[in-house]
Amino acid sequence: MKSSYSDAPHDPLPFFITGPGDPDLLFFAVGVVLVLVLLGFGALYFTIQAIPDRMASGTSKAQLQIVGILGLLSLFTMNNIFWIAALLFAAIPISKIVLPVKIREKERRRVSRYGRGAN
């Protein structure tokens, strides 16, 4: 009777195919790499998320609180518009926004008190 297997040696199996009872090293390596990549992307995400807070750290307390609240809103709601607003608030000091408004308000009061056409 002739055997179904040839006497010629078979090609070796690839390295990722393991025998029964052997540990699957490729599975563990891919798992470790996946966990490290996820942790890396998480750290990158939170670092980018903290950019407005770092920018506003030298400003007034009110501005820092507004930037922090907008940053938390963007973090929890996943709306990028809050993060962009926080970035804009951190980049522009509040005094540059409030001071021109106060000057305009004083000018309006002066004009309304004396009248526009009165000399």
Side-chain angles (χ1 to χ4, degrees):
M1 198 181 248
K2 197 168 184 183
S3 140
S4 64
Y5 294 109
S6 68
D7 293 334
H10 294 287
D11 290 334
L13 293 175
F15 72 95
F16 54 85
I17 297 179
T18 60
D22 291 339
D24 191 359
L25 297 177
L26 182 65
F27 175 74
F28 289 121
V30 168
V32 167
V33 168
L34 180 66
V35 167
L36 291 176
V37 166
L38 286 175
L39 287 174
F41 276 126
L44 178 68
Y45 177 75
F46 286 126
T47 302
I48 291 173
Q49 187 70 28
I51 288 174
D53 290 330
R54 290 181 185 166
M55 286 175 62
S57 64
T59 60
S60 67
K61 183 179 177 183
Q63 185 173 0
L64 183 60
Q65 287 179 349
I66 290 171
V67 169
I69 288 170
L70 286 171
L72 281 175
L73 279 173
S74 71
L75 184 66
F76 291 139
T77 62
M78 297 299 222
N79 287 333
N80 292 337
I81 192 69
F82 292 124
W83 187 82
I84 293 170
L87 197 61
L88 290 174
F89 270 119
I92 303 170
I94 274 187
S95 63
K96 290 195 176 190
I97 298 170
V98 173
L99 190 61
V101 172
K102 286 184 179 179
I103 290 172
R104 283 190 209 124
E105 182 182 349
K106 285 181 184 177
E107 184 66 26
R108 279 192 208 127
R109 282 187 196 157
R110 187 184 65 79
V111 167
S112 66
R113 190 177 321 147
Y114 296 115
R116 181 168 278 197
N119 286 332

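All values below come from the heavy atoms of this structure, side chains included, with hydrogens, waters and symmetry mates left out.
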Asker: Of all heavy-atom pairs between Phe89 and Ile66, which one has the smallest distance, and what is that distance?
Answerer: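 Result for this residue pair: CD1-CG2, 4.0 Å.
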Asker: Could you check if a side-chain atom of Ile69 sits within less than 4.5 angstrom of a side-chain atom of Phe82, using non-hydrogen atoms only?
Answerer: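 Counting from C-beta outward, Ile69 and Phe82 never come under 4.5 Å.
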Asker: Looking only at heavy atoms, which two atoms of Met78 and Tyr45 are closest? And how far apart?
Answerer: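 That would be SD-OH, 3.7 Å.
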Asker: Check Gly71 against Ala86 and note the closest heavy-atom contact, atom names and distance.
Answerer: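 Scanning both residues completely, I find the closest heavy atoms to be N-CB, 4.1 Å.
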Asker: Could you see if Phe15 belongs to whatever hydrophobic cluster contains Phe28? Use Ile, Leu, Val, Met, Phe, Trp, Tyr and a side-chain cutoff under 4.5 Å.
Answerer: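 Phe15 does not cluster with Phe28.
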Asker: Inspect the surroundings of CZ in Phe27 and state if more than 12 heavy atoms from other residues, nucleotides or ligands are less than 6.0 Å away.
Answerer: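 Result for CZ/Phe27: open.
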Asker: Under a single-linkage definition using a 4.5 Å side-chain heavy-atom cutoff for Ile, Leu, Val, Met, Phe, Trp and Tyr, are Ile48 and Phe41 assigned to the same hydrophobic cluster?
Answerer: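 Yes; Phe41 is reachable from Ile48 via cluster members.
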Asker: Where do Leu87 and Met55 come nearest, in terms of heavy atoms and distance?
Answerer: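 Between these two residues, the closest heavy atoms are CD1-SD, 3.6 Å.
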Asker: How many angstroms lie between atom CG of Leu39 and atom CG of Leu34, to the nearest 0.5 angstrom?
Answerer: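 With rounding to 0.5 Å, CG (Leu39) is 9.5 Å from CG (Leu34).
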Asker: Which heavy atom of Gln63 sits nearest a heavy atom of Thr59, and at what distance?
Answerer: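 Looking at all heavy atoms of both residues, the closest pair is OE1-CB, 3.4 Å.
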Asker: Do you know which two heavy atoms are closest between Ser74 and Trp83, and how far apart they sit?
Answerer: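 Looking at all heavy atoms of both residues, the shortest contact is CB-N, 3.4 Å.
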Asker: Following the transitive rule for hydrophobic clusters with a side-chain heavy-atom cut-off under 4.5 Å over Ile, Leu, Val, Met, Phe, Trp and Tyr, establish whether Ile51 and Leu44 coincide in one cluster.
Answerer: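 Linked, Ile51 and Leu44 end up in one cluster.
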Asker: Between Val67 and Arg54, is any pair of side-chain heavy atoms under 4.5 Å apart?
Answerer: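 SC-SC contact between Val67 and Arg54 ruled out.
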Asker: If you count heavy atoms of other groups shown closer than 6.0 angstrom to CG of Asp22, is the number above 12?
Answerer: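 Enclosed.
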Asker: CG/Asn79 to CG/Leu70 distance, rounded to the nearest 0.5 angstrom?
Answerer: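 Nearest 0.5 Å value for the CG-CG distance: 11.5 Å.
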Asker: Name the one of Leu25, Leu26, Asp24 that satisfies side chain to side chain contact (heavy atoms under 4.5 Å, CB included) with Thr18?
Answerer: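 The residue from Leu25, Leu26, Asp24 that satisfies side chain to side chain contact (heavy atoms under 4.5 Å, CB included) with Thr18 turns out to be Asp24.
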